[in-house]
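All remarks here apply to the structure that follows.
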Amino acid sequence: MEVAVFDTKVYDREHLLAAVSNPGLHWRFHDFRLSTETARAAEGCQAVCIFVNDRCDRDVMRILHQAGVRIVALRCAGFNNVDLDAAKELGLSVIRVPAYSPHAVAEHTVGLLLAVNRKLHRAYNRVREQNFSLQGLVGFDIAGKTVGIVGTGRIGKVTAQIFRGFDAKVIAFDEYPDRDWAERSGVEYVEREWLFRNSDILSLHVPLTDKTYHLLDATTLSWTKPGVTILNTSRGKLIDTSALIQALKSGHVGSVALDVYEEEEGVFFEDLSGKILQDDELSLLLTFPNVLLTAHQAFLTREALSEIARVTSQNLLAFQSQKEFAPGTQLV
Ligand code: NAI
């Protein structure tokens, strides 16, 4: 089976090549993203393998289908970039890797909080310049603070448990609360507005859907506690960036750590050093001392990459031999 693999980096190639030695699977690696302009690169392939910023809308699906593609394999958990209805209509299968390592993302989330709270990003630069002053580096204890987790799926749960280990009070909101888990873990479910109003640290772990788009906007940001720390390692479009910038400028929001950004497509994952950044809001965010950004790297651990490659390869081989996909991986 020929598989066109879009938006690949060295680490994707290494892990996919190492995952399976089956001669029936041929990876055709592309470093460009999937779009209407590039979909023809899948000509002659039965499968495409895509990542978070590849676009797989109805138009792209049509081109892929005409090119002979019959399965779209997402090498990630989120699938907001794929038109599942169009896939159904065209008879394309869609698979993903729902749970490669919730720990990777949860640990990165907590790492971001520790860094932005204790100003490690600033301290690191200062010490390298032989500036050993502590002025402006005061943080807060996490113990005793209230952490609000929005979305207690796989990643939200692990994040909540880590914060419990810090002796924080953890409150949570989810459309489908898991009350047994909450009781076992010492987590309390509350209403969404209550969570926003009472959290010292707010961490987003819901997928991007029509309902969660701009979950944090001017209104919901105004509900948050003055000085709140906001963490988003889920999807950029959960936050209205303009509203966030206003809340940072007014001093209402204490600090922000993001691994995802509303307009990250075409920017994150690329080396743009030496280029002029065209996104004014991103440029502005990068100037705030209390904002820490990483470029969608929360998933990037050896364990997660190996698991993504293993599940994706095995599912593609299963598709080829008309066997069942791994449980929970089939979307269409
Ligand atoms: P999951 O599907 O296990 O959990 C999502 C939770 O959100 C579920 O409990 C669901 O009931 C809840 N939910 C959905 N819509 C909701 C709404 N409108 N209001 C309240 N709760 C709602 O997903 P998982 O594995 O925990 O991943 C969460 C998100 O993390 C993914 O959708 C993805 O966008 C993001 N992610 C980011 C990565 C990164 O590298 N930064 C890597 C992997 C995932």
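We count ligands from 1, going down the list as the structure has it; atoms in each ligand are counted the same way.
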Are any protein N/O atoms closer than 3.5 Å to the N/O atoms of ligand 1? If there are, list each pair with names and the distance to one decimal place.
| residue | atom | partner | partner atom | Å |
| --- | --- | --- | --- | --- |
| ligand 1 | 3 (O) | Arg154 | N | 3.0 |
| ligand 1 | 3 (O) | Arg154 | NE | 3.3 |
| ligand 1 | 3 (O) | Arg154 | NH2 | 3.4 |
| ligand 1 | 9 (O) | Gly153 | N | 3.4 |
| ligand 1 | 9 (O) | Asp174 | OD1 | 3.4 |
| ligand 1 | 9 (O) | Asp174 | OD2 | 2.6 |
| ligand 1 | 11 (O) | Asp174 | OD1 | 2.6 |
| ligand 1 | 21 (N) | Glu175 | N | 3.2 |
| ligand 1 | 26 (O) | Arg154 | N | 3.3 |
| ligand 1 | 26 (O) | Ile155 | N | 2.9 |
| ligand 1 | 30 (O) | Ser234 | OG | 3.4 |
| ligand 1 | 34 (O) | Ser234 | O | 3.4 |
| ligand 1 | 34 (O) | Arg235 | NH1 | 3.3 |
| ligand 1 | 40 (O) | Phe299 | N | 3.1 |
| ligand 1 | 41 (N) | Thr233 | O | 2.9 |
| ligand 1 | 41 (N) | Asp259 | OD2 | 3.0 |

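Taking 4.0 Å as the cut-off between side-chain N and carboxylate O, Lys9 and Asp7 count as a salt-bridged pair. The residues Lys275 and Glu270 are annotated as not salt-bridged, no charged nitrogen and carboxylate oxygen being separated by less than 4.0 angstrom. Looking at Glu129 and Arg126, no side-chain N of the basic residue comes within less than 4.0 Å of a carboxylate O on the acidic one, giving no salt bridge.
Checked by atom type and distance alone, the side chain of Lys225 never pairs as donor or acceptor with a backbone atom of Asp200 at under 3.5 Å.
In this structure, Phe51 has its ring center closer than 6.0 angstrom to the ring center of Phe299. Taking the six-membered ring wherever Trp is involved, the centroid distance between the rings of Phe6 and His30 falls below 6.0 Å.
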